[in-house]
Amino acid sequence: MILRYFWLSFLLITIYLLYSQNYFTIIWYFLPKELNNVTHVLFSTSELKLLDINEKQKVFTKDELKKYNNIENGLYLSILGQVFDVTKGAKHYEPGASYHIFVGRDASLAFVTGKFDEKEITDDTSVLSAQQIKALDDWVQFYNENYIYKGKLSGRYFNEDGTPTLESLQVQQKLIDAKKEIADEEQKKKLFPTCNMEWKVNVGTTVWCSKRSGGIERDWVGVPRMYFETPSSKQQRCACINLDSKEYEENKGNFKEYNGCATSSIKCNIK
């Protein structure tokens, strides 16, 4: 999984350098078919659209996109510089509808902030964190799956010839970082599965471990511990820990016992 993100980062940097010298189109054309097909394993649909130069894609100017803001011409919107035809969802996007604010422009920032004042109706997403970029990419996936992809918008994320700008590659790097964080978190959940939890009025919260707690099947039960992402973190979750494991020994500083719970108990009542 981590190797995938390394190669994606490497490829994005290489693409930018080759694009800047106008070599990429020539090299891509002569790549062996088998190597070209590997990209479909490495990248998501939206990422492939950013890299796809074999297929001639329409590149809209901002003025052109503004024309697609009514039923007659069609309803188009852009997100991270990718243009989609949302006409079939007219009840949501036509003039006067809830999401018409997104039509005929790229208002990427507002997809995340949910604010529709002039400061938020912008394609500038530089203030967003890696996780927020991931949330924005989820919207891109939504439009890819439910609407018609029409091409790219020249400006912040794509040049007039459809090649990605440096800012587009920076967004993709944030997306890579977010996916890596998610992959790391999933790995930690496998190593330190989430506890079973139950709350009752007269008892309070009870946490306990089993061989299937956290949805992770294993051959050990474990004991409940407070798990902190870092030793200095204030946020924690209940995790089931195998006290005899190497992973526990290597991360001891991230765990804390529950008050009033025996060290080896598989069930604890939290007050």
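A quick note: this is a predicted structure, and the numbers were derived from the prediction, not measured.
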Considering only heavy atoms from C-beta outward, does the side chain of [X] approach that of [Y] to under 4.5 Å?
X: Val127; Y: Leu109; value: yes
X: Tyr68; Y: Val103; value: no
X: Ile266; Y: Trp208; value: no
X: Thr125; Y: Tyr157; value: yes
X: Leu65; Y: Lys150; value: no
X: Val59; Y: Glu160; value: no

Between [X] and [Y], what is the shortest heavy-atom contact and its length?
X: His100; Y: Asn69; result: CE1-O, 3.1 Å
X: Lys174; Y: Ala130; result: O-CB, 3.5 Å
X: Ser154; Y: Lys62; result: O-CG, 4.3 Å
X: Leu136; Y: Ile79; result: CD1-CD1, 3.6 Å
X: Asn144; Y: Phe84; result: OD1-CE2, 3.5 Å
X: Phe158; Y: Leu153; result: CB-O, 3.6 Å

Kindly work out whether a path of hydrophobic side-chain contacts (I/L/V/M/F/W/Y, heavy atoms less than 4.5 Å apart) joins [X] to [Y].
X: Phe228; Y: Leu191; answer: no
X: Leu128; Y: Tyr143; answer: yes
X: Phe60; Y: Tyr147; answer: no
X: Val83; Y: Val140; answer: no
X: Tyr76; Y: Ile148; answer: no

Between Tyr227 and Phe192, ring centroids under 6.0 Å: yes
Indicate yes or no for a side-chain donor-acceptor contact from [X] to the backbone of [Y] under 3.5 Å, with no hydrogens or angles considered.
X: Asn73; Y: Lys67; result: yes
X: Thr194; Y: Ala239; result: no
X: Asn159; Y: Asp161; result: no
X: Arg218; Y: Ser213; result: yes

Between Thr61 and Asp63, is the side-chain hydrogen bond (donor to acceptor under 3.5 Å, both in side chains) condition met? List the steps. CA-CA 5 Å; Thr61 66; Asp63 286 339; 5.4 Å; no
Quick one: ring-ring contact (aromatic ring centres under 6.0 Å, His included) partners of Trp139, sequence neighbours excluded? Phe111, Phe142
Quick one: list whatever passes side chain to side chain donor-acceptor pair (under 3.5 Å) with Ser210, sequence neighbours left out. Asn196
Contacts of type side chain to side chain donor-acceptor pair (under 3.5 Å), residue Ser126, not counting sequence neighbours: Asp124
Would the pair Cys195 and Cys209 meet an SG-SG distance criterion of under 2.5 Å? no
Let me see the working for Glu229 and Gln235 under side-chain hydrogen bond (donor to acceptor under 3.5 Å, both in side chains), right down to the final yes or no. CA-CA 8 Å; Glu229 190 70 28; Gln235 295 185 336; over 6 Å; no
Test Lys188 against Asp184 for salt bridge (Lys or Arg N to Asp or Glu O under 4.0 Å), laying out the working first. CA-CA 6 Å; Lys188 287 176 183 177; Asp184 290 344; over 6 Å; no
Residue pairs, two or more places apart or on separate chains, that pass side-chain hydrogen bond (donor to acceptor under 3.5 Å, both in side chains) and touch residues 106-116: Ser78-Asp106, Asp106-Ser108, Thr113-Glu120
Sequence neighbours left out, what pairs pass side-chain hydrogen bond (donor to acceptor under 3.5 Å, both in side chains) with at least one residue falling in residues 239-261? Glu257-Thr263
Hey, could you give me the [atom1]/[atom2] distance between [X] and [Y], rounded to the nearest 0.5 Å?
X: Ile241; Y: Met226; atom1: CD1; atom2: CE; result: 12.0 Å
X: Thr205; Y: Ile270; atom1: OG1; atom2: CD1; result: 5.5 Å
X: Leu175; Y: Leu169; atom1: CG; atom2: CG; result: 12.0 Å
X: Ile133; Y: Gln172; atom1: CD1; atom2: CD; result: 9.0 Å
X: Ile101; Y: Phe116; atom1: CD1; atom2: CZ; result: 7.5 Å
X: Thr87; Y: Asn70; atom1: OG1; atom2: CG; result: 9.0 Å

So does Lys267 have more than 12 non-hydrogen atoms from other groups sitting under 6.0 Å from NZ? no
Applying side-chain contact (heavy atoms from CB on, under 4.5 Å), run through Arg237 and Lys189 and close with a yes or a no. CA-CA 11 Å; Arg237 68 175 175 86; Lys189 285 183 178 180; 4.0 Å; yes
Looking at Asp138 and Lys134, is there a salt bridge between them, counting it only when a charged N and a carboxylate O are closer than 4.0 Å? yes
Pair up each side-chain donor or acceptor in residues 197-204 with any protein partner under 3.5 Å, not counting sequence neighbours, and list the distances.
none

Taking the inter-plane angle between the rings of His92 and Tyr99 on a 0 to 90° scale, is it parallel (under 30°), tilted (30 to 60°) or perpendicular (over 60°)? tilted
